[in-house]
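To find a chain, count down the sequence lines: A is the first, B the second, and so on, and within it residues start at 1.
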Amino acid sequence: MSSWLAGGAALADASLWELVRAFLGTALIVIGVLFDILGCIGLVRLPDVYNRLQAATKCVTLGTCSVLLGAALILGGGMAVKALLCAVFVLIASPTAAHAVARAAHRSGIRLWEGSVGDAYLEDRSRRGEE
Amino acid sequence: MSYEMFLNAVFLVLLGCCFLCMYRVAAGPTAPDRAVAMDILGVMIVAFCALLTIDTGKDFYLNVAISWALLSFVGAIALAKYLEGKRFDE
């Protein structure tokens with residue numbers, strides 16, 4: 001861990017760029033963790049699997065990408081490249097996995113919550129004659 | 001408040017989020033609920049590993065994060081295919 005993160009006397013020696021990096025990185029980490037909390041509350045509180053999937057996937061993907069960006073800003077150098085690579089991968093992979101699981105849930109016959117207003121995918125599939 | 005205390009607070013919050021995910025894995029009424037919760041748990045552990053890198057300064061935690069994201073993605077896709085009732089090469 002870099003010495004300027006220890007606070008106190010080391011802060012006086014840090015350059016302006018390092019201070020800005022530390023501040024922005026910490027802000028991104030805080031925002032990301034807040035999004036993670038919201039996603040997990042949605043995962044627990046919402047009524048059916050599609051609602052849970054949508055809340056959790058979107059919030060947690062954005063939150064984790066934000067945390068990884070903050071880590072890249074704070075760490076710098078080769079570790080920043082690795083963290084950015086990981087952020088890009090999470091940004092691509094997590095919505096894909098969620099889409100696959102939602103499609104599988106719908107096709108394996110899990111009904112929507114009784115308060116839902118419409119099921120466009122079911123209408124599409126019945127129009128195509130799959131069901 | 002030092003930076004270590006801040007990081008410890010963030011770790012505790014993320015640990016609470018992981019427990020919420022584990023609750024959904026244990027209590028989820030259907031199988032896709034559990035699959036989604038495991039996927040979300042994996043993504044959250046990636047964030048955990050990034051914060052561990054800041055805490056310790058060791059960059060192998062980032063390798064752990066990348067491989068965990070990869071395995072979580074492959075696992076979720078495999079579970080989705082299994083739930084859909086297809087074979088894996090379709």
Note to self: Does this structure show an ion pair linking Lys82(A) with Asp59(B), if we count only N-O contacts that are shorter than 4.0 Å?
What the structure shows: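 Salt bridge present between Lys82(A) and Asp59(B).
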Looking at [Y], is its backbone amide N or carbonyl O close enough to the side chain of [X] to form a donor-acceptor pair, meaning the two atoms are under 3.5 Å apart?
{"X": "Arg52(A)", "Y": "Leu46(A)", "value": "yes"}
{"X": "Ser66(A)", "Y": "Leu28(A)", "value": "yes"}
{"X": "Ser108(A)", "Y": "Ala104(A)", "value": "yes"}

Next item on the list: Below 4.5 Å from any heavy atom of chain B, which atoms of Ile110(A) appear? Answer side chain, backbone, both or neither.
Entry: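 It is the side chain, since no backbone atom gets that close.
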Item checked: Side chain / backbone / both / neither for Val90(A) at chain B, heavy atoms under 4.5 Å ->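 For Val90(A), the side chain is the part near chain B, not the backbone.
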Chain A contact via [X] - side chain, backbone, both or neither, heavy atoms under 4.5 Å:
{"X": "Asp33(B)", "value": "both"}
{"X": "Thr30(B)", "value": "side chain"}
{"X": "Ile66(B)", "value": "both"}
{"X": "Val43(B)", "value": "both"}
{"X": "Leu41(B)", "value": "neither"}

Check: When rounded to the nearest 0.5 angstrom, what distance separates SG in Cys49(B) from CE in Met44(B)?
Finding: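 Atom-to-atom, Cys49(B):SG and Met44(B):CE are 12.5 Å apart.
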Checklist line | Between NE2 on residue His106(A) and OH on residue Tyr50(A), distance to nearest 0.5 Å | finding: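 The NE2 atom of His106(A) sits 5.0 Å away from the OH atom of Tyr50(A).
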Notebook entry, point to check: Who wins among Asp48(A), Val101(A), Leu43(A) for the most heavy-atom pairs under 4.5 Å with chain B?
Noted result: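 Sorted descending by pairs with chain B, the first entry is Leu43(A).
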Notebook entry, point to check: Most heavy-atom pairs under 4.5 angstrom with chain B, which of Ile29(A), Val67(A), Val60(A), Thr64(A)?
Noted result: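 Ranked by contacts with chain B, first place is Thr64(A).
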Next item on the list: For Tyr23(B), look at atom OH and say whether over 12 heavy atoms of other residues, nucleotides or ligands are found less than 6.0 Å away.
Entry: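 12 or below, so no.
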Next item on the list: Could you have a look at Ala76(B), Cys17(B), Gly16(B), Ala65(B) and say which one has the most heavy-atom pairs with chain A under 4.5 angstrom?
Entry: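 Answer, by heavy-atom pair count under 4.5 Å with chain A: Cys17(B).
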